[in-house]
Amino acid sequence: MPELPEVETVRRGLAPVMEGALVNRLELNRADLRFPLPEAFAEKVSGRRIVSLGRRAKYLLIELEDDLTLISHLGMSGSFRIEETVQGDFHHARSKDSKHDHVIFHVEHDGKHQKVIYNDPRRFGFMHLWKRSELDLYPAFAELGPEPTGNALDADYLARRLSGKSQPLKGALLDQTVIAGLGNIYVCEALWRSHLSPKRQSGTLVTPGGRPKKELTRLTEEIRAVIVDAIAAGGSSLRDHIQTDGSLGYFQHSFSVYDREGEACRMPGCGGTVTRITQSGRSTFYCPTCQK
DNA sequence: ACTTGACCCTGACAGC
DNA sequence: TGCTGTCAGGGTCAAG
């Protein structure tokens, strides 16, 4: 589920509870997610204070005291929720998938005790501990591309990265070393907003001289805009959602093309039909009429 | 060097 | 009701 905007929304939802909090106890209900949990994980985190919450691409960064960063990736099905710690809640009704509550942070903040629960049915998520001062050496970060909303992403950069590539745009934009944080949904959405076909060969957006064509400049703008919009939507959904059940990360978005196979294209005046194709094993949704 | 495909795992859903 | 097949928002690795 979580692409960059969702992870950012999770970060913002967790911040009031976790930033500045003391982790009294880290409860582990299994030894591994996608990878083994860190060596002596509970011992290393318990008793430490959380300095701040950060994010890099789709990675949530829980910054602990003593130069330690807990790196959390939510995979496809990871989510966090916040629960009050109620005295005598031994008989509290457990939600139906609590069997996938793998890691529980028992935190204390201003005398208030709460649980931050990581749930992940498919266990494609993972957690690592890394020295904050050496975070750039974390293998997944070493090759990571720029953030889509950061200054490092511009049309000139993309022209350098896409020049000469025969790879279809869909695959190039999913490549985390090109842009960090885009996933299947927002690549589809950005291409639709740019009127560009996901099958278009990446190098054709660059002039022979290596300059970005106008459509690449447009694409760059739309990538930024679709992420900014989604983060804003996540922020508004947080306010409604967090108070009801404490869950973060599964708010409902509405997309323009993603998961709309067979529906009328929403581009004004287009009149086409959204089509689903498979590219490198994953679904792509686009409108063949207005995306060229 | 680049690109694709199989794989990790569980749950939801459609069709029989 | 239950079975089976298909699909899912991610990343990694091997093989083409």
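This is a predicted model, so every value here is computed, not measured.
The side chain of A:R34 lies closest to B:dC8 when the candidates are C:dC7, B:dT10, B:dC8. Checked against C:dA8, B:dT10, B:dT3, the side chain of A:M76 finds its nearest nucleotide in C:dA8. Distances from the side chain of A:H73 to the nucleotides C:dG9, C:dG10, B:dG11 place C:dG10 closest. Of the candidates C:dG11, B:dG5, C:dG10, the closest approach to any side-chain atom of A:S280 belongs to B:dG5.
Remark: the separation of the C1' atoms in C:dG9 and B:dT3 is 22 Å, to the nearest Å. Across the P atoms, B:dA6 and C:dT6 are found 13 Å apart, a figure rounded to whole Å. Using P as the reference atom, B:dC9 and C:dC3 are 23 Å apart when rounded to the nearest Å. Using P as the reference atom, B:dG5 and C:dC7 are 14 Å apart when rounded to the nearest Å.
In this structure, CG of A:D120 is placed 13 Å from P of C:dG11, rounded to the nearest angstrom. Between the P atom of B:dT3 and the CG atom of A:L169 lies a distance of 12 Å, rounded to the nearest Å. In this entry the distance linking CD of A:Q201 with P of B:dT4 reads 10 Å, nearest Å. C:dG9 atom P lies 8 Å from atom CZ of A:F285, rounded to whole Å. B:dT3 atom C1' lies 15 Å from atom CZ of A:R282, rounded to whole Å. Atom P of nucleotide C:dA8 and atom CD of A:Q279 are separated by 13 Å, given to the nearest angstrom. For A:Y59 and C:dG10, the OH to C1' distance is 9 Å, given to the nearest whole Å. In this structure, CG of A:L74 is placed 22 Å from P of B:dC8, rounded to the nearest angstrom.
Contact annotation: A:H100 side-chain N/O to B:dG11 OP1/OP2 distance is under 4.0 Å. Proximity of A:S166 to the phosphate of B:dC2: no side-chain N or O atom is located under 4.0 Å from OP1 or OP2. For C:dG11, one of the phosphate oxygens OP1 or OP2 lies less than 4.0 angstrom from a side-chain nitrogen or oxygen of A:K58. Applying the 4.0 Å criterion to OP1 and OP2 of B:dT3, one finds that A:Q167 has a side-chain N or O inside that range. Regarding contacts with the backbone of B:dT3, a side-chain N or O of A:K165 is found under 4.0 angstrom from either OP1 or OP2. For C:dG9, the OP1/OP2 oxygens have no side-chain nitrogen or oxygen of A:S77 closer than 4.0 Å. A sub-4.0 Å separation between OP1 or OP2 of B:dG11 and a side-chain N or O of A:K99 is present. For the OP1/OP2 pair of C:dG9 and a distance below 4.0 Å, the side-chain nitrogens and oxygens of A:Y186 include no atom meeting the criterion.
Residues A:L28 and A:L74 share a single hydrophobic cluster, defined by chaining ILVMFWY side chains whose heavy atoms lie under 4.5 Å apart.
Look at C:dA15: its Watson-Crick or wobble partner, with both distances under 3.5 angstrom, is B:dT3. The partner of B:dC9 is absent, by the rule that a Watson-Crick or G-U pair needs both atom distances under 3.5 Å.
Ion pairing between A:R132 and A:E65 fails under the 4.0 Å rule for side-chain N and carboxylate O. Look at A:E215 and A:R218 and you find no salt bridge, because none of the NZ, NE, NH1 or NH2 atoms lies under 4.0 Å from a carboxylate O.
In this structure, A:T217 OG1 and A:R211 CZ are separated by 8.5 Å, a value rounded to the nearest 0.5 Å.
At a cut-off of 3.5 angstrom, the base of C:dA8 holds at least one donor-acceptor pair with the side chain of A:R122. Checked by distance alone, A:R123 brings no side-chain donor or acceptor within 3.5 Å of a matching partner on the base of B:dC9.
In this structure, A:P168 reaches the sugar-phosphate backbone alone: every heavy-atom distance under 4.0 Å involves primed, P, OP1 or OP2 atoms, never a base.
A:F124 does not qualify as a stacking partner of the C:dG11 base, lacking a centre-to-centre distance under 5.5 Å together with planes within 30°.
At least one donor-acceptor pair under 3.5 Å links the side chain of A:S46 to the backbone N or O of A:L26.
For the 3.5 Å distance criterion, the side chains of A:E63 and A:T69 qualify, holding a donor opposite an acceptor.
A:Y59 has its ring centre less than 6.0 Å from the ring centre of A:F141.
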